[in-house]
K.L.:
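Take this structure first; my questions come after.
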Protein chains: 2
Amino acid sequence: MSFAANNPDQPRPLRVALAGIGVVGGGVIRLLEANRDLITRRAGRPVEIVALNARDRNKDRGIDLSAYNWVDDMGALAQSDDVDVIVEMIGGADGPALTLARQALGAGKALVTANKAMIAHHGLDLARIAEEKDTPLKYEAAVAGGIPVIKAIREGASANEIARVYGILNGTCNYILTLMEREGAGYDEALAAAQAEGYAEADPTFDVEGIDAAHKLSILASLCFGTKLDINAVSTSGIRNLIADDIREAEALGHRVRLIGMAERDAERGLYQRVQPCLVPADHPLAYVPGALNAVVAEGNFVGRLFFEGAGAGAGPTASAIVADIIDIARDEYGPAFAMPVEALDQAPIADAGARIGKHYVRLVVEDRIGVLAEIATTMRDAGVSIESFIQRGNGSNNGVVIVLVTHEGPADAIQNAAASLGSSDFSVAPPMVMPILAL
Amino acid sequence: MSFAANNPDQPRPLRVALAGIGVVGGGVIRLLEANRDLITRRAGRPVEIVALNARDRNKDRGIDLSAYNWVDDMGALAQSDDVDVIVEMIGGADGPALTLARQALGAGKALVTANKAMIAHHGLDLARIAEEKDTPLKYEAAVAGGIPVIKAIREGASANEIARVYGILNGTCNYILTLMEREGAGYDEALAAAQAEGYAEADPTFDVEGIDAAHKLSILASLCFGTKLDINAVSTSGIRNLIADDIREAEALGHRVRLIGMAERDAERGLYQRVQPCLVPADHPLAYVPGALNAVVAEGNFVGRLFFEGAGAGAGPTASAIVADIIDIARDEYGPAFAMPVEALDQAPIADAGARIGKHYVRLVVEDRIGVLAEIATTMRDAGVSIESFIQRGNGSNNGVVIVLVTHEGPADAIQNAAASLGSSDFSVAPPMVMPILAL
C-alpha cells in the first residue's frame, strides 16, 4: 500500500475486495493484517484490501474496520478497474453470492470463495466463465477448511489415477460422534452440547443430514476422477438415528463410527458417491480424528494412501485457505479450477449407491418378547442377507432390547430394505441403523 | 508424441529427459506409461520422455526400455533445444548430479530432482541459477516421498506464520521403531529384519544416524520460516543406542518413541533444528504412524495444526512426486523454489539445540549393586537436573538393571551431560539414552 506507493520499483499490490464480513471475513481481515509482511514476501507483492461489503456495516465484529473502504455495490466494483480479486464470503448456493461470482468472473476478475454449496451447484458454470475470461476461480476453503486438500489433490497427487477418495468432511458431525464416543452420550445430548459450544447450529440439518459433506465430496470427486461435478449424484444419509449403543457396539467390533463421504470409481458401474455413517476400523487413521477436525484420504495407483488432517472450519483455518488462494493468484500460480478445462471433464455414469457390496452393521431396538428373534432371522433370510454374527446384550436401552447383526458381504439396498422392513414391524421400538463396515 | 505430431492443433508436448534410471527412474517411466492419458488431460499437454541416461544401459530393470532414446552425455542434451525438463535421479549431494543440475538450470531448462542431499547442500545456489534463468527448480520428492508436503507448506499453508514444523522424515527408522514396538525386538534384531525386507541398506548409517532426516528437515525449515537453508545448523542424533526397554518404558509413560525432525522458531534464540529420537504422546497422530510411512506436522498461526501422512519412499510414491512436479511445469504453475527469491530469505540465527528447555526421558543400564542409586541421584542433583519420577524395574536386561528417570523441565545439554557422565562411570553397562518428552 503506502509501501508500494512510496517505492515505485516495488511490484504492484494485488487489490482484493471482500464481500460478506461475517466470522470468516473477519478472520481474513485479521490474517491479512497480522501476517502482512510475510504475505508480502511470500506473494512477491503486497496484498491490499481495497473494499469491504456486508449487509450490516455497523455490526460489532470485534475488529476495527474503520480504516477500510466500504462499498454498497460490490458488483459494480467488480466490474471496475479498481480491483483484482473478489473474495466471496456471502454464502448460499444461489442468490447474491452467485450473482456476484458471475459478475466478477464475467468482468475478468479473480474469484476466491469458501462457498461449498455454490461450487457444488454452480462450479462448472463458474469455471466455464473463468476459462472464457482466462481468470482464476479458486475455492480451497470450500473443502475441509484449512487443510489444503484441493491443492493436494489437484496438484500434489496429479500424477495418479485415484481409486478412491474418502474422509471426514463435516466437523460438526465428528464433534458429536466424538462426544458420544467419549461420554457415552446419546445423539440428542451430544447435539445439545455441540450447539452449546458453537460447533452445531440451532438448526443442524445441513450438517447432521450429511448435506454439507455431500457438497464437499462432489468437489473432491470431480478433482480426483476428472469428472463433471454432479451434486445430484451424491447419495446422502446422516447421523440422526444413531444411539449410544451404536458407538459401543462398533467399538466392541473393533471399529469407530464416523460420518464418511466416499467417492469411488467402479469400472463397471461408474462413479459411486455416498455420505453416510460408517464403521471405520480402529487401526485406520480416520478412527483417530477427534472433535471438529476434518481428514481426507486419497488412494493413488502410484503414491498409495495419502492422509491429510486439520481444522475443517472456523475463522482462522478458513481464512488460511482463502488467503492461500489469494497468494497463488498474486504469484500467478494457478490454472483451471477443476484441474482441466470443463469440456475435458468426463461425464461419469452414476453408480447406484444401493448396489454397493459390503459387510454391514445392522442395529435394531425391539420389544423383549418371544418370536422376535425368529422374525428377524426370517426377514433377513428372505431378503437374501447372510448373517456373520448376531449380538443381543442382556440389558436393553430405549425401552427395548438392542440387537446388532453383522452381515456377510451383500448389496447395501437389500440390507437396508430388510432393516427398514423390520423397523416398521410392530415389535420395533426405534428406527433401525444400517452402516457399512469399511474395509480400508 | 505421435498424438501431437498427428494433430497440429494439439499443444506442444513437454519433453522430459531422465538421468539415472534406478528404482525411482524405473518408477517414473512406469508411471508416465501407465497414466499417460490422464497425465495428458491434467497437464494440458502430453509429457514425452525424449531421452534416458544411466551408468549401465544394459542392467535388467524389469521394464522394457528399448523404445527410448539413450544418450551418453546428458549435460550436452540439457544444453540443446531438444528438451524442456531434466529429471535428476542420479543421487549424491555433489558429483555428476550437481554438475548436471547446474548445466540444466544454466541452460534455462527446468530441473526436477528427488535429491534431498543435493538440495540440502546446494539448493540455494541452484535456486539462484534458476531465478537468473527464470526456469523452474522443483524437488517435491526430496521430502517425505509421495506426500505433497513441499507444496502443502510452500503454497497450502503460505498465509501462516509457522511456529513449528516436525515429523517422521525417515521411513527406515520408523520401520525399525515400529518393529521394536510390535515385536519387543532389540535394535539390532529390528535393523536386521528391516535390512532383510529391503527397508534398510547394508550400511544403514545415513538413515539410522538421522542424516537423511536432517536433509529433509533443513528444506522444510527454509520453506516454513522463509530462511536460508542451512544443513549445518541441524543438530542430529540417531536411534542406534535404543534398547527394547526404551520402547516399553516409553509406552508405560503413555508415549511412543519416534525419530522426530523438528524446526522451531524461538523469538530470542533463533531457529532451532534438531533430529533425534523423542517420546511422542500416545494421543498425537505421529504416535500412530506405522512402518515405513512418513508424516509431517506444521503449526500455523491461523490454520492451527496440519498433519500429512503417506509413503515416504519407494519407486511409486517417489515417482508420484516427481511427475507432480513435471505436471506443474507443463501447466506453467510454478514459482521460486523456496517460495520467494533467494535474496529475500532471512539468515536466521542458529539456536543452540542443547539450550532447549523440556522434560526428558533418561535411561541408564547399571550394575545391580549398592550405592549406584545414590551416585545417580547425586550426579543429577549436581548437574541441576530435577527429577520428576524414577523407575527401576525388578528385572534387569542387558546384564544390568534398567533405570529410567523422567526429569522436570530443564535444558537438554545439562541433562545430556549428566547422563553422559553416568554412562562413563564404572557401574554403567550400556550407553545411556536421553530423549525429549515432547509436549505437542
Side-chain angles (χ1 to χ4, degrees), chain A residues 27 30-32 34-35 38-39 41-44 140 145-149 151-152 154-161 226 283 285 288-290 295 300-311 314-317 319-324 326-328 331-336 339-341 344, chain B residues 27 30-32 34-35 38-39 41-44 140 145-149 151-152 154-161 226 283 285 288-290 295 300-311 314-317 319-324 326-328 331-336 339-341 344:
Chain A
R30 267 189 207 93
L31 197 168
L32 287 171
N35 295 353
L38 74 83
I39 288 171
R41 289 173 71 208
R42 289 188 184 148
E140 181 63 79
I147 312 173
V149 68
K151 182 171 284 287
R154 182 187 179 280
E155 301 159 32
S158 60
N160 292 268
E161 188 170 303
D283 65 352
Y288 297 105
V289 175
N301 65 340
F302 277 75
V303 75
R305 188 171 86 188
L306 291 171
F307 176 80
F308 309 103
E309 183 192 90
S320 168
I322 287 173
V323 177
I326 294 173
I327 294 174
D328 274 354
R331 288 169 163 168
D332 207 24
E333 297 178 16
Y334 62 83
M340 60 187 81
Chain B
R30 268 189 207 93
L31 197 168
L32 288 171
N35 294 352
L38 73 84
I39 288 170
R41 287 173 71 207
R42 290 188 183 148
E140 182 63 79
I147 312 174
V149 69
K151 182 171 284 286
R154 182 187 180 279
E155 301 158 33
S158 60
N160 292 269
E161 187 170 304
D283 65 352
Y288 298 104
V289 175
N301 66 339
F302 276 77
V303 74
R305 187 170 87 187
L306 290 171
F307 176 80
F308 309 103
E309 183 192 89
S320 168
I322 288 172
V323 178
I326 295 173
I327 294 173
D328 274 354
R331 287 169 163 168
D332 206 24
E333 298 178 16
Y334 62 85
M340 58 188 83

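In what follows, every heavy atom counts, from backbone to side chain, and hydrogens, waters and symmetry copies are set aside. In what follows, every chain begins at residue 1, and chains take the letters A, B, ... in the order their sequences are listed.
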K.L.:
Could you tell me which portion of B/Asp283 (side chain, backbone, both or neither) has an atom closer than 4.5 angstrom to a non-hydrogen atom of chain A?
P.N.:
neither

K.L.:
Given the options B/Ser158, B/Ala344, B/Ala152, which has more heavy-atom pairs under 4.5 Å with chain A than any of the others?
P.N.:
B/Ser158

K.L.:
Side chain from CB out, backbone as N, CA, C, O: work out which of these in A/Ala321 comes under 4.5 Å of a heavy atom of chain B, or both, or neither.
P.N.:
neither

K.L.:
Hey, could you give me the CD1/CZ distance between B/Ile147 and A/Phe307, rounded to the nearest 0.5 Å?
P.N.:
11.5 Å

K.L.:
Tell me, side chain or backbone of B/Pro285 under 4.5 Å from chain A's heavy atoms, or both, or neither?
P.N.:
side chain

K.L.:
I'd like to know which of B/Ile39, B/Asn160, B/Leu32 tops the heavy-atom pair count under 4.5 Å against chain A.
P.N.:
B/Asn160

K.L.:
Name the region of B/Ala43, side chain, backbone, both or neither, that has any atom closer than 4.5 Å to a heavy atom of chain A.
P.N.:
neither

K.L.:
Which bit of B/Leu31 is near chain A, if near means a heavy-atom gap under 4.5 Å: side chain, backbone, both or neither?
P.N.:
both

K.L.:
Might you point out which heavy atoms bring A/Ser320 and B/Ala159 nearest each other, and give the distance in Å?
P.N.:
O-CB, 3.7 Å

K.L.:
If the threshold is 4.0 Å, N to carboxylate O, is there a salt bridge linking A/Glu155 and B/Arg42?
P.N.:
no

K.L.:
Determine the option with the most heavy-atom pairs under 4.5 angstrom with chain A, choosing from B/Pro317, B/Pro336, B/Gly146.
P.N.:
B/Pro317

K.L.:
Rounded at 0.5 Å granularity, tell me how far CG in B/Asn301 sits from CG in A/Leu38.
P.N.:
7.5 Å

K.L.:
Taking C-beta and beyond as the side chain, do B/Phe302 and A/Arg30 meet within less than 4.5 Å on heavy atoms?
P.N.:
yes

K.L.:
For B/Met340, does its backbone N or O pair with a side-chain atom of A/Arg41 as donor and acceptor, under 3.5 Å?
P.N.:
no

K.L.:
Please tell me if the side chains of A/Glu309 and B/Arg305 come closer than 4.5 Å, counting only heavy atoms from C-beta onward.
P.N.:
yes

K.L.:
Name the region of B/Leu306, side chain, backbone, both or neither, that has any atom closer than 4.5 Å to a heavy atom of chain A.
P.N.:
both

K.L.:
Does A/Glu333 pair with B/Lys151 as a salt bridge, N-O distance under 4.0 Å?
P.N.:
no

K.L.:
Looking only at non-hydrogen atoms, find the nearest pair between B/Gly156 and A/Ala324 and report the distance.
P.N.:
O-CB, 3.6 Å

K.L.:
Once the angle between the rings of A/Tyr288 and B/Tyr288 is folded into 0 to 90°, is it parallel (under 30°), tilted (30 to 60°) or perpendicular (over 60°)?
P.N.:
parallel

K.L.:
So what's closer than 4.5 Å to chain A heavy atoms on B/Asn35: side chain, backbone, both or neither?
P.N.:
side chain

